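It should be emphasised that the depicted structure is a prediction, and the values quoted were computed from it without experimental measurement. No hydrogens, no waters, no symmetry mates; every other heavy atom, side chains included, goes into these values. Sequence lines set the chain letters: A, B, ... in the order given, protein chains first and strands last, and positions in each chain run from 1.
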2 protein chains.
Amino acid sequence: MSTIKDVANEANVSVATVSRVLNNNGYVNEDTRKKVLKAIEKLDYKPNAVARSLFKKQSKTIALIVPDIKNPFFPEIARAIEDVLNNNDYTLILCNSDEHEDKEKKYFDVMKQKYVDGVIIVTSTLTPNYIEKNNIPIVSLDRPIHQSIPSVSVNNYEGAKEAVQYLKKIGCKKIAHVRGPVSVINADERYKGYLSEVCNEPWFNKDYIINGNYNVLETAKATMVLLSKHRDIDGIFAGNDYMALGVLKAATQMGIRIPQDLSLIGFDGIQLCELTSPEITTMAQPIYELGESAAKLLLDMIEGKAVNPAQQEFKVSLKIGQSTKVLR
Amino acid sequence: MSTIKDVANEANVSVATVSRVLNNNGYVNEDTRKKVLKAIEKLDYKPNAVARSLFKKQSKTIALIVPDIKNPFFPEIARAIEDVLNNNDYTLILCNSDEHEDKEKKYFDVMKQKYVDGVIIVTSTLTPNYIEKNNIPIVSLDRPIHQSIPSVSVNNYEGAKEAVQYLKKIGCKKIAHVRGPVSVINADERYKGYLSEVCNEPWFNKDYIINGNYNVLETAKATMVLLSKHRDIDGIFAGNDYMALGVLKAATQMGIRIPQDLSLIGFDGIQLCELTSPEITTMAQPIYELGESAAKLLLDMIEGKAVNPAQQEFKVSLKIGQSTKVLR
DNA sequence: TTCTTGTGTGTAACCGGTTACATGTTTTTT
DNA sequence: AAAAAACATGTAACCGGTTACACACAAGAA
């Protein structure tokens, strides 16, 4: 690999001049510029990003910290983010936290040591205090942390209400909820949305709420217990699509027909919804847009641009599949 | 952030001494070491990874280039790799190539500029020549490129044969194949494996081979055409699980019962297989192990260790689900 | 006692860029 | 014509580490 010095020698100028044409700043005579460009071409010179980072204290790299990339929601997000970064000459570092605070913090340390320019994080454990102490541009995605931390998310509460309302509208009389882990903010919000819609119903029963913990098999098991105990449940609102998959599995296994016997609605709108049969009705987040916005927001922050609404909330929209009774 | 100089000042020693205790090399008096350690503690000093990189010409970072992280096979691989790296103080950069040579090459350039220590790549387009020219430790994953390039993969040909053999064993009389994209080496191998098992069968018909292009919806469509034309097909070997999902969808939509009317077997063993109903029978790759091995192999290469079998081939194993008729 | 050898530490060069500053030349302004 | 502004380029410090080399001293060998 040739260095800036090699180029300088080849072009018979100083390294400063080469640097100037490289970065397009300062005065450079047109002829000199051409000479340098030719030398760069000839040596196939590529500036050393590390040396540049050291001086500039920035690495053109951002980190994405998610609980687990195997959860199908996150690859979709990651893809959107990577696309934006790629178009802006940034690079993406991927981190799996397993919702584990220690791991998150360890990643943060590494990020700072590597001059990572910013981070996009999906977390339920980190405090605003810790984050601000670290003093690195950050965007929380999917799960807002605090008003002081820029975030990109959706209206989980309203969305959950809409989901339950839709189940009611198509005629469901007893609606259960498979909720995500306690203390995950959006799982809580969705749960609250469900609750607000059903708590005053005469049929409402606290046993209709089960915990799926973002795990398909666990959800399937819990659902089987639920459905065999309460045979009159005719609607289920799953806290996300991944868990809805578990409900679908449980129902199929038990010979409960979806949507004839049981209507199922999920949340998220991951691609998988369209690939199952029946296709899962869901409250769809604009997932790609979410990732895109988070990335753009972060890049703006890094480049010191004003970020108008630092708390971006997108709307979810009902995406009717085949897992809910047809309205007539 | 404090620097090595701050620590040196605090401890009243030179930066060289601090560096020595940091890296545990050279002579350092025990008392001095303690002084330095205390200063490090007091200042919460973390060495600057970029400065270190510049001198050492290595970044403790490796890149993973996959076609598209949204394909559920890759997050599982990525997760395994990230785990290994994390345990070895390496960081993972994620790149989506979309099978596009230009993008792959662009990533390579960036990697070299950032002193990325090695790359794990899933590619069908890069030539051994180009790769060797780049002179950066590399492991090809899932799709071997050439004997000269270390790789981690499975016995696709044999696996495909086994899959078809199993379909025969359970009594399938007419077996179709949904193949992956032409020129993807493992899709070709699986296709050949299928062919070798069926080409001499009296019933064999070239029309039984359709192309799913790693796309679920496309596969579903093509499968519907296939199945409505050839109503006597009673077994399908899908080139991977993701496409098997498409077959499942098509069959369900057409009212064809799986496994009663049609047996379906996939390839890969992604987690999704267990989450559908019926669960998909598949020739399972040891996915996590694959990623793990690729990462370990690459780290060994980076650290200059001899890599015994630089071409690692794992075995796939039949994982019986519910999408194939029960053998009795 | 003198010569090695081992221990302990500091100085400064180096990694490969960027940029403040100095210097000289040309062009524009007054 | 003199002063100011714009242009062009080079020198060297700097980013924050690592390490070759020099030097001083103590312990062991001859």
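Within 4.0 Å of B/T3, counting heavy atoms only, lie sugar-phosphate atoms of the nucleic acid but no base atom. Note on A/V50: nothing from the nucleic acid sits closer than 4.0 angstrom, heavy atoms only.
Rounded to a whole Å, the CD atom of B/E30 is 15 Å from the C1' atom of C/dT9. Distance, B/N24 CG to D/dT18 P: 12 Å, rounded to whole Å. One interatomic measurement links the two molecules: CD of B/Q58 to P of C/dG16, which rounds to 14 Å at whole-angstrom precision. When rounded to the nearest whole Å, the span between NZ of A/K56 and P of D/dG16 equals 15 Å. Taking atom CD on B/Q113 and atom C1' on C/dC15, their separation rounds to 16 Å, with Å as the unit. Following rounding to the nearest Å, B/L54 (CG) and D/dT18 (C1') show an atom-to-atom distance of 10 Å. The CZ-P distance, from B/R33 to C/dG8, rounds to 10 Å in whole Å. Distance CE (B/M1) to C1' (D/dG17): 13 Å, rounded to an integer number of Å.
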* Asked: Could you go step by step and tell me if B/K112 and B/N134 meet the side-chain hydrogen bond (donor to acceptor under 3.5 Å, both in side chains) rule?
  -> CA-CA 8 Å; B/K112 282 170 67 182; B/N134 266 285; 3.2 Å; yes

* To do: Evaluate the side-chain hydrogen bond (donor to acceptor under 3.5 Å, both in side chains) criterion for residues A/S153 and A/E313: first the C-alpha distance (whole Å), next the side-chain angles of each, then the deciding distance (0.1 Å), finally the verdict.
  => CA-CA 5 Å; A/S153 58; A/E313 189 173 273; 4.6 Å; no

* So A/K103 and A/D98, salt bridge (charged side-chain N to carboxylate O under 4.0 Å, His left out) or not? Walk me through it. -> CA-CA 8 Å; A/K103 275 188 107 178; A/D98 291 319; 3.3 Å; yes

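Screening B/I270, B/V66, B/V122 against B/F73 for a side-chain contact (heavy atoms from CB on, under 4.5 Å) leaves a single residue, B/I270.
Closest of all the heavy-atom pairs between B/D68 and B/F74 is O-CD1, 3.3 Å.
At the phosphate of D/dA8, neither OP1 nor OP2 sits under 4.0 Å from any side-chain N or O atom of A/T17. Taking only side-chain nitrogens and oxygens, A/S14 comes nearer than 4.0 Å to OP1 or OP2 of D/dG10. A close approach under 4.0 Å does occur between a side-chain nitrogen or oxygen of B/N29 and OP1 or OP2 of C/dG8. Remark: A/Y45 is in phosphate contact with C/dG17, judged by side-chain N or O atoms under 4.0 Å from OP1 or OP2. Distances shorter than 4.0 Å separate none of the side-chain N or O atoms of A/T32 from OP1 or OP2 on D/dA8. Not one side-chain nitrogen or oxygen of A/N48 sits closer than 4.0 Å to the OP1 or OP2 atom of C/dC15. Put simply, A/K57 has no side-chain N or O that comes within less than 4.0 Å of OP1 or OP2 on C/dT18. The phosphate of C/dT7 (OP1 or OP2) has a side-chain N or O of B/Y27 nearer than 4.0 angstrom.
Listed candidates were D/dA12, C/dG16, D/dT18. Nearest to the side chain of A/V15 is D/dA12. If you check D/dT19, C/dT19, C/dG17 against the side chain of A/P47, the one that comes closest is C/dG17. Closest approach to the A/N25 side chain among D/dT19, C/dT19, D/dT9 is made by C/dT19 (side chain taken as heavy atoms from C-beta onward). Of the candidates D/dC15, D/dG10, C/dG17, the closest approach to any side-chain atom of A/R52 belongs to C/dG17.
Side-chain contact between B/Y45 and B/M1 is absent, with no heavy-atom pair separated by less than 4.5 Å.
Between the side chain of B/R20 and the base of C/dG10, at least one donor-acceptor pair of N or O atoms lies under 3.5 Å.
Each of B/A16 and A/F55 was matched to the nucleotide of DNA chain D holding its nearest heavy atom; the match closer to the 5' end belongs to A/F55.
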